[in-house]
Amino acid sequence: MKYQSTRNSKVSVDAAQAIKNGISPDGGLYVPAEIPQVSAEFIKELCNLKYSDRAAKILGLFLTDYSNEELDYCVSNAYSKDKFGSDNTAPVKSLNDRLNILELWHGPTCAFKDMALQILPYLLKKAIAKTGENKEVVILVATSGDTGKAALEGFKDVEGTKIQVFYPVDGVSKIQKLQMTTQEGKNVSVCAVNGNFDDAQTGVKKIFTNNDYKKTIAERGYTFSSANSINWGRLAPQIVYYFSAYCDLLSLGKISLGEKINIVVPTGNFGNILAAYYAKMMGLPINKLICASNSNNILTDFISTGVYDRNRQFYTTVSPSMDILISSNLERLLYHLTDKNDKLVSEYMTSLSECGRYEVAPTVKEKIASLFVGGCCSDDDTAKTIAKYFREYSYVVDTHTAVALNVYDQYIKNTGDETATVIASTANPFKFNEAVLSAINDGTDFSDKDEFELLELLSKHGNIEIPVRLSELKTKKVRFNSVCNKEDMIKQTDSFLV
Ligand SMILES: *Cc1c(COP(=O)(O)O)cnc(C)c1O
C-alpha cells in the first residue's frame with residue numbers, strides 16, 4: 001500500500017515513510033492510495049480474536065510494508081493486559097436493545113488518546129529502522145492537557161526514543177499536571193512553560209524548524225519527530241475499534257452479520273470520526289456517521305451548508321478536548337470525496353488559512369450529506385444528558401461522551417431510526433470530575449473541592465470506582481518541577497539531549 005499526499009496525489013511513499021514524516025513536505029496529509037476492502041467472512045474471522053489480534057489484522061491491510069512479526073510486536077506491546085486492565089481493550093457496554101457505548105478509555109491515561117498513542121511509538125520505532133534511520137528519535141510535544149500525558153505513557157521506556165513535553169504553567173488542571181509531573185520512565189522529560197498553550201506550541205514549532213539546532217543534535221545521534229494527531233500512525237489504529245465494536249455487537253446478539261449500525265462520535269480534530277469513515281469505506285456495515293460537536297459547532301454547520309467558516313466566536317466549554325475551530329483531519333475526507341483532486345483540496349486549504357473559510361463543490365456537499373449527520377449541544381444540555389443517562393441507566397458518562405449522546409437523542413427524535421448504534425465514549429468520567437459530579441447532583445457547585453475530594457465524591461455519588469491510575473497520583477513522587485520561559489525551551493530540550 002502506498003500513501004499519497006492530500007495536496008499532491010503523485011506522492012507515493014510506504015507506510016513507514018508516512019509515519020516517520022508525520023506530515024508530507026508539501027503540507028498535505030498522507031492518505032492510503034486505495035482503501036482496502038473486507039468481506040463478511042473477514043469480519044466473522046475477526047470476531048474470534050482478542051483486540052490486539054484484531055488490530056494486527058486491520059493494520060496489516062494498511063501497513064503492508066510491515067511484516068506480520070513486526071505488527072504482532074507492535075500490537076502486543078501496545079494493547080497488553082497491564083496497560084488496559086484486560087484483553088478487552090475497548091469494551092462495549094449495552095445500555096438497551098439499540099444503544100451501545102464503546103468505552104475507549106481503559107488505557108493508562110483514562111482517555112481515548114491512549115488507543116492510538118500506545119501503539120504509535122512502536123510503529124514509529126519500526127518505521128525509523130525500516131527507512132534506514134539510525135538516530136534516536138526525540139518526540140517534542142506541546143500539550144493543553146490530555147495528549148501530553150498519553151504521549152508520555154506511550155513513549156515511556158520505548159527503546160530508541162526520548163520524549164520531551166511542555167505544558168503551559170497555568171493552563172492544565174491539577175490532575176493533568178500531576179499526571180505529567182509524576183511521569184515515570186528513563187527517557188522522559190516534562191517542563192512547564194511560563195505562558196499559555198500557544199506559547200508552548202510556538203516554542204516547540206521553533207525548535208522543530210531550527211535547522212542549525214537540528215544539525216547539532218544530529219551530530220549527537222538524535223532526530224526530531226512528532227506524535228501529532230495528523231500522523232497516519234495515529235489514525236490507522238483508530239479504525240480497529242470500530243471493527244472490534246461490530247464484532248462485540250455480533251457476539252452480544254445485538255445485530256446479525258451484515259446488519260448496519262450507526263456510529264456517533266464526539267468530534268474535535270475529526271480524527272476519530274474519520275477512522276469510522278475509513279471503516280465504512282472498507283466495507284464495515286455502517287449506516288450513518290453522526291458527528292457530534294459542542295458549542296464550537298463549525299462541523300455541524302459545515303455538514304449542513306458545505307461552508308467551513310472559522311470566522312466565529314470560540315467557546316471554552318465543559319468538553320475542552322472538542323474546543324477546536326480547525327479540524328485538521330477533515331482534509332483527508334475532502335481528498336477522498338473529491339476523487340483525489342489535490343488541486344481543489346489545496347485551494348480549500350489555502351482559502352482556509354488566508355480567509356478562514358472555504359465552500360465545497362455541490363457534489364462534495366451531497367456526498368457529505370449522504371454519509372454524515374451533524375449535530376451540536378450546549379454545556380447546559382451536556383449536563384442534562386449526563387443526569388438523564390445516570391437517572392435512566394445508572395451509567396456515568398464524561399462530558400464529551402454526553403455531547404455524543406445528546407446529539408444521538410436529537411437524531412432519534414428527528415428520524416425515529418431504530419438502527420443499532422455505537423457511541424464512541426472518549427474519556428473516563430473521573431477525568432472531567434467536577435462537571436460530571438455537578439451534573440448528577442442537580443447542578444450543585446463543587447468548585448471549592450480539590451481534585452482528590454472530587455474523585456472521592458464522584459465515586460460515592462456515581463457509585464463507580466476511582467481508576468487506580470488517578471487515585472495513586474496523590475502519593476506519587478513529583479519528578480519534574482522545572483518551569484522555564486518560552487525563550488528557554490530550547491535550552492531545556494538541549495539539557496535533556498546530552
Ligand atoms: C481528542 C478528544 C476528542 C476529539 O477527538 P478527535 O479525534 O480530535 O475528533 C474527544 N474527546 C476526548 C476526551 C478527546 O480527548
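When a ligand or atom number is given, it counts from 1 through the structure's own listing order.
Residue Asp398 has no N or O atom closer than 3.5 Å to an N or O atom of ligand 1. Between Ala427 and ligand 1, not a single N/O pair is under 3.5 Å apart. Between Gly268 and ligand 1, at least one pair of N/O atoms sits closer than 3.5 Å. Of the N or O atoms in Asn269, one or more lie within a sub-3.5 Å distance of an N or O in ligand 1. Where the criterion is an N or O separation shorter than 3.5 Å, residue side chain and backbone included, Thr426 meets it with respect to ligand 1. Distances between N or O atoms of Thr267 and those of ligand 1 include no value under 3.5 Å.
At most 12 non-hydrogen atoms from other residues, nucleotides or ligands lie less than 6.0 angstrom from CG of Asn463.
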For a salt bridge (charged side-chain N to carboxylate O under 4.0 Å, His left out) check, start with the C-alpha distance between Glu331 and Arg7, then their side-chain angles and the critical distance, and finish with the verdict. CA-CA 9 Å; Glu331 182 169 344; Arg7 300 193 194 173; 2.8 Å; yes
Take Thr419 and Arg98, measure what side chain to side chain contact (heavy atoms under 4.5 Å, CB included) needs, and give me the verdict at the end. CA-CA 7 Å; Thr419 306; Arg98 194 175 63 195; over 6 Å; no
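Atom numbering of ligand 1 starts at 1 in the shown order; those under 4.0 Å from a heavy atom of Gly271 are 6 (P), 7 (O), 9 (O). Interface atoms of ligand 1 facing Pro266, defined by a heavy-atom separation under 4.0 Å, are 4 (C), 10 (C). Those atoms of ligand 1 that come under 4.0 Å of a heavy atom in Asn272, given as number and element, are 7 (O).
Using a distance-only test at 3.5 Å, with no hydrogens or angles considered, a donor-acceptor pair links the side chain of Asn231 to the main chain of Gly233.
Residue contacts with ligand 1 do not include Ala111, since none of its heavy atoms lies under 4.0 Å from the ligand.
Nearest protein heavy-atom contact of atom 15 (O) of ligand 1 is Lys113 NZ, 2.6 Å. Of the protein's heavy atoms, Phe112 CE2, 3.7 Å lies nearest to atom 3 (C) of ligand 1.
Between the side chains of Asp398 and Thr401, at least one donor N or O lies within less than 3.5 Å of an accepting N or O. Looking at Asn262 and Asp417, their side chains do bring a donor and an acceptor atom within 3.5 Å of each other.
In this structure, the separation between CD1 on Ile423 and CG on Leu405 is 4.5 Å, given to the nearest 0.5 Å.
Taking the six-membered ring for Trp and the full ring otherwise, the centers of His400 and Phe112 sit at least 6.0 Å from each other.
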